2 protein chains.
Amino acid sequence: MARKSGSSGEKTRAMVEEAAIRLIARHGFAAVSMRQIAREVGVQAGALYLYTPDKQSLLRDIMRGHLEHLLQSWQDHAPDAEMPAIARLERFVRFHIDYHILRAEKVFISYMELRNLEQENFAEIERLRRSYEHLVEEILTAGAAEGVFHHADTRLTTLAMIAMLTGVSTWYRDDGRLPPQAIATRYVDMAFRLAGAEQLVEAAE
Amino acid sequence: MARKSGSSGEKTRAMVEEAAIRLIARHGFAAVSMRQIAREVGVQAGALYLYTPDKQSLLRDIMRGHLEHLLQSWQDHAPDAEMPAIARLERFVRFHIDYHILRAEKVFISYMELRNLEQENFAEIERLRRSYEHLVEEILTAGAAEGVFHHADTRLTTLAMIAMLTGVSTWYRDDGRLPPQAIATRYVDMAFRLAGAEQLVEAAE
DNA sequence: GTCTATAATTAGATAGAC
DNA sequence: GTCTATCTAATTATAGAC
């Protein structure tokens, strides 16, 4: 029987992506073979090439899809630019932590597997990553202009904050000590500290 | 000629490790072949097996060597436990940043390639990593006891701080905007903020 | 200590049957 | 849309010459 009864392209396409994400997050892109992905999906290796022209494109599509969805999600419920920077930073941190906990595998892949992208694909993904970083930088700059944030070096504070916030995806476990919301609250506090928010200064006394 | 004149085992051994570190940092462990390493060293692939029983051991030895050296280096110039926590934190941050800039490749490998370690090797390396994390946790705990640090959640602050500090190895470039010492100084400031150090509170007013 | 040669396995990708 | 079969190339690791 060459075609399983009940088989359907779109469903398989989704399963291929899910299996690839799971396996790549666990073992790394280069360590995962097309045959492993196929086995996980329950098809033969050759069938995967109905859904991707090659292995490299599979990785690029996962990362592009993730980053575009991340940016779109933020746009969909970002505060408008007139809101105070401190409220925007809180909103951003909660968004970032929730998103990074909910989609830990894609997040993990998108920053661990940059090395495995070919030049052109790397450039595209890196552009998306940078536009996400700029969201933070913009909020920190606005807060300094408002006089509510006091950070010495905006660029370095941005890099430090992104690294700090994104780190959650390396250790979060569903059965961990804290529920996602409690984690987010603590990260909001720490983000305020890094930004030198005046509120925090008072709270620390 | 089966053996090159002037060849010497110890020198080659060092070259193998250096080449492996450089290539793995750039492309990832699974993506680097023994032949690539051999080519970089200037020997044939078979000759590598004089220095490592297999590819997996090569990775484990790199990571183990790095972490043991990291821990030893800290021990060698760690402040004694009687020093104020705030001074110990500053010393730690400067040590960490300098070390992570100087040995960026090994650092990078040791946290990117954990997935590629077999179970037993992973457990060993993970133990070393955790003992390094505990250094930070201990300083934060001591500072809270002294009343000079005010952080809400010691464990989470530790994780956030490690992630923030280690992030430097993902973006540092020798020809970048800031020299290592200036970077370290800014990270000391940010570490104090995260820890809720009183000094910083005053400075922010 | 290193080379050459090679065994054994596995990889990515394609062709053609159904 | 999927399978089976297969091509080609690359991989880890070993054996034996020098």
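Computed from a predicted model, the values in this text were never measured in an experiment.
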Q | Check: Val136(A) and Leu165(A) side chains under 4.5 Å, non-hydrogen atoms | A | no

Q.
Tell me the interatomic distance from Arg39(B), atom CZ, to dT11(D), atom C1', rounded to whole angstroms.
A. 13 Å

Q) To the nearest Å, how far apart are Asp54(B) CG and dT11(D) P? A) 17 Å

Q | Length of the line joining Tyr51(A):OH and dT2(D):C1', which is rounded to integer Å | A | 8 Å

Q) In whole angstroms, how far is the P atom of dA13(C) from the NZ atom of Lys55(A)? A) 8 Å

Q) Heavy atoms under 4.0 Å, any strand shown: does Val41(A) hit a base, just sugar-phosphate, or nothing? A) nothing

Q | Atom-to-atom span, CD1 of Ile37(B) to P of dT11(D) - whole angstrom | A | 11 Å

Q | Length of the CZ-P vector between Arg35(A) and dC3(D), whole Å | A | 13 Å

Q. Any side-chain N or O of Ser33(B) under 4.0 Å from OP1/OP2 of dT11(D)?
A. yes

Q. What nucleotide, of dT2(D), dT4(C), dT2(C), holds the atom closest to the side chain of Leu50(A)?
A. dT2(D)

**Q.** Gln44(A) side-chain N/O to dT4(D) phosphate OP1/OP2 under 4.0 Å
**A.** yes

Q: Please determine if Glu17(A) and Arg13(A) form a salt bridge, counting it only when a charged side-chain N lies under 4.0 Å from a carboxylate O.
A: no

Q) Could Arg91(B) and Phe95(B) be counted as a cation-pi pair, given that NZ or CZ must be under 6.0 Å from the ring centre and within 45° of the axis? A) no

Q. Expressed in angstrom and rounded to an integer, what is the separation of Leu48(A) atom CG from dT14(C) atom P?
A. 13 Å

Q.
Taking atom CZ as the centre, does Arg177(B) end up with more than 12 heavy-atom neighbours from other residues, nucleotides or ligands that are less than 6.0 angstrom away?
A. yes

Q) Is Thr12(A) near enough to dG1(D) that one of its side-chain N or O atoms lies under 4.0 angstrom from OP1 or OP2? A) no

Q) In whole angstroms, how far is the P atom of dA9(D) from the CE atom of Met34(B)? A) 24 Å

Q: Look at the side chain of Val43(A) and decide which nucleotide, out of dA11(C), dT2(C), dC3(D), has an atom nearest to it.
A: dC3(D)

**Q.** Nearest-neighbour nucleotide for the Tyr49(A) side chain, dC3(D), dG1(D), dA13(C) considered
**A.** dA13(C)

Q. Hey, is Arg155(A) close enough to Glu137(A) for a salt bridge, meaning N to O under 4.0 Å?
A. yes

